[in-house]
**Student:** 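Right, I'll just put the structure down here and ask away after.
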Number of protein chains: 2
Amino acid sequence: MTSGRVRQRDVAERAGVSVRTVSNVVNDFVHVSQDTRERVLAAVAELGYRPNLAARELRTGRSGTVSLVVPEIDSPYFSDLASRMVRAGEAIGLTVHIAQSDGDPDRERALLAGPPGREVDGVVISPWALAADDVRPRGDGPPVVMLGERPGQGSVDRVAIDNVAAARDAVAHLLSRGRRRIAAVGLQPHRANETSALRREGYRQAVAAAGGTHQLGLEVVTQTLHRSDGAAAVRRLLEEGSDFDALFCFTDELALGAMRALHDAGLRVPDDVAVVGFDGIQDGAFSVPSLTTVRPDVTRIAELALAALGRHQAGEESTPTEYVAPHRLVVRESSCACLQQK
Amino acid sequence: MTSGRVRQRDVAERAGVSVRTVSNVVNDFVHVSQDTRERVLAAVAELGYRPNLAARELRTGRSGTVSLVVPEIDSPYFSDLASRMVRAGEAIGLTVHIAQSDGDPDRERALLAGPPGREVDGVVISPWALAADDVRPRGDGPPVVMLGERPGQGSVDRVAIDNVAAARDAVAHLLSRGRRRIAAVGLQPHRANETSALRREGYRQAVAAAGGTHQLGLEVVTQTLHRSDGAAAVRRLLEEGSDFDALFCFTDELALGAMRALHDAGLRVPDDVAVVGFDGIQDGAFSVPSLTTVRPDVTRIAELALAALGRHQAGEESTPTEYVAPHRLVVRESSCACLQQK
DNA sequence: ATGAAAGCGCTAACAA
DNA sequence: TTGTTAGCGCTTTCAT
């Protein structure tokens, strides 16, 4: 019933065995007779024994905790990722600790070693300001898995969707709907962040394949990837008198902000301008109009990242591995007049 | 430079003192001469010593970690709360661990004792399925602070805004805009959750003060507080042929879903139906139309909750205290034709 | 003001 | 298969 004060020793006494045996049972070791195991388990249940993780960590050096480092957690995509990562961890007995880097390179670097003073078994980081090459475990630090960024880069395991293909899919969809002047929103040339560079690449490939040439004026740089940036981007395009009939935004948040600004300018979506976002966040399913988007399989991403860490934990030293999670295009009203309700 | 392998003993040797003294310095104790302190600090810096928190926790029983229990983290309000709580904790040297209860009473009860097996110095819980009276620390568990719920209830410290007043403000605003048939969306009579009961109370008070009588047909029960529930609520009202010219939704998510359903039904917001939400999430600032809402001071909530825990930690046993955080009404287009852009 | 040493609860090396 | 025990790094009681 009461827990916390119950030690292995108490369980041992109760079951008439030694602590060694209790430890063996608790940790699922093989060399325990069926009979003893049952007796110990019974004592564990009766006393409400729960192992003291601090003691275990002190002894083994392993904490059963991994750290997820994201720029910010109060952003739909990252809170979705965090939620799934926590659940994925739970499923395999891992505690996931969430840390926010605020997109600050120094914080990102520091958090590569785990939360301050805390010992973790691994770090999953979604880098923002840090270049892929700078994402590597400290010599004595925990193993690191990187989310996003460019294939072939970096010196750690990497989990991501195929960003180039995903962007191509999105833009191809727009082209198939007859759009010909498609702007890309969300470039970040001054950052090490390669994910947006990959989406730009997919955008360019799709445009080129359609026989068009992308114009630099139709590629819009944004400070961050939030709604306000999307709105500002549209205002800028409009001010410059750019001629465009579609927007491919690198995140749904950008797209939502862009749609708001289009509305303010008296432009209709999708009639005047079609919009496609990226991420598949909840908001896009209920916005007016609802948002066409590329949805990564976030659950898969979480599972792959944790599995990669587990492989490292098991001591499997190997060259950096890359895992690709699936994605799919979700077509909604913002790109398809046919779907629109009156 | 390297850290993790450096122990107090190493620092002690380096500084030519005993571990006792190193510990004293690290923990900011008084009885250390200026001279020794400096020598120790220098050694700490040179060696890159960082205390092993697991050992400290094992020894002291305190972990420097508090647990935040929310129904789910991939929901705008809770991710905002989590983000601020993590930052507030950081500011006072506390690690905040985020746990999801999925709104499951058993999980909520279990998490009152902290994350499985983990030792925490306190638990901040935003209960969903658990009644206020069931939110209490286990005899040997960490102190608990409750978020939301009803004043005077429960046996633990409580932090919340004045939900009745906030709801009254929201509805009074609607009344001042000439609305007379205001529906309340988000009641949950089958739950212990009192927060929605308080908002209903404020709604009824405001309507009564305006000389109206609320009609039960204009109070809509929802399963949860998500967008889909808001949309379903509107569809139900419409099916039943209810006559309403405004909606007071108990969360912004409900309101966003409701606005989507109104749009689908060919009703204009705010012209045909004015809408007010609750929470002040980001989405509402960029939706079309933008959403009028009641915004709680979430940063304040986070600070108050952590401070309450700190007070408990300091051993200040006292009767349950209640802390009230401020809120304010943010008026936007959804309730105000005058604000609307063309 | 500082040192010596016990012990927090656990795992694992060594014994039996 | 199970028991005994050292020791993980830290705080803190007891000396000095």
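Protein chains get the first letters and strands the later ones, always in sequence-line order, with residue 1 at the start of each.
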**Student:** Which nucleotide in the list C/dC10, C/dA1, D/dT2 gets nearest to the side chain of A/Gln8?
**Tutor:**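 In terms of side-chain proximity for A/Gln8, the closest of C/dC10, C/dA1, D/dT2 is C/dC10.
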**Student:** Give the nucleotide from the list D/dT1, D/dT11, C/dT11 with an atom nearest to the side chain of B/Asn27.
**Tutor:**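 The answer is D/dT11, which lies nearest to the side chain.
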**Student:** For A/Thr60, answer base if it contacts any base atom (sugar-phosphate contacts may also be present), sugar-phosphate if it contacts only those atoms, and nothing otherwise; contact means non-hydrogen atoms under 4.0 Å.
**Tutor:**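 Result for A/Thr60 = sugar-phosphate.
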**Student:** Between C/dG3, D/dT2, D/dG9, spot the one nearest the side chain of A/Ser18, thanks.
**Tutor:**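 It is D/dT2.
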**Student:** Nearest to the side chain of B/Val19 - D/dT1, C/dT2, C/dA5?
**Tutor:**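 Closest nucleotide among those given: C/dA5.
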**Student:** Out of D/dG9, D/dT12, D/dT2, which nucleotide sits closest to the side chain of B/Asn24?
**Tutor:**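 Of all the options, the side chain of B/Asn24 is nearest to D/dT12.
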**Student:** Please report the shortest heavy-atom distance between A/Val19 and A/Arg9, naming the atom on each side.
**Tutor:**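 Minimum heavy-atom contact is CG1-CA, 3.7 Å.
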**Student:** Could you give the CZ-to-P distance, from A/Arg7 to C/dT11, as a whole number of Å?
**Tutor:**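 The distance from CZ of A/Arg7 to P of C/dT11 comes to 14 Å, rounded to the nearest Å.
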**Student:** Does B/Arg20 make a side-chain donor-acceptor contact with the base of C/dG3, cut-off 3.5 Å?
**Tutor:**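 Under the 3.5 Å cut-off, the side chain and the base do form a donor-acceptor pair.
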**Student:** Looking only at side-chain atoms of B/Val17, point me to the closest of C/dA12, C/dG3, C/dG9.
**Tutor:**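 Nearest listed nucleotide: C/dG3.
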**Student:** Measure the distance from CZ on A/Arg9 to C1' on D/dG3 and round it to the nearest whole Å.
**Tutor:**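 One finds 15 Å between C1' of D/dG3 and CZ of A/Arg9, rounded.
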**Student:** Please determine, for the side chain of A/Arg59, which listed nucleotide (C/dG9, C/dA5, C/dC8) has the closest atom?
**Tutor:**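 Closest nucleotide to the A/Arg59 side chain: C/dG9.
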**Student:** Rounding to a whole Å, what distance do you find between A/Leu58:CG and C/dG9:P?
**Tutor:**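 Whole-Å distance recorded here is 12 Å.
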**Student:** Reckon A/Arg56 touches a base, only the sugar-phosphate, or nothing at all at heavy-atom distances under 4.0 Å?
**Tutor:**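 It contacts sugar-phosphate atoms only.
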**Student:** Taking A/Glu303 first and then A/Arg300, would you say they form a salt bridge - that is, a charged N and a carboxylate O separated by under 4.0 Å?
**Tutor:**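 Counted as a salt bridge, because a side-chain N and a carboxylate O are separated by less than 4.0 Å.
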**Student:** Using the side-chain heavy atoms of A/Tyr49, tell me which of these nucleotides is nearest: C/dT11, D/dG3, C/dC10.
**Tutor:**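 Minimum distance to the A/Tyr49 side chain belongs to C/dC10.
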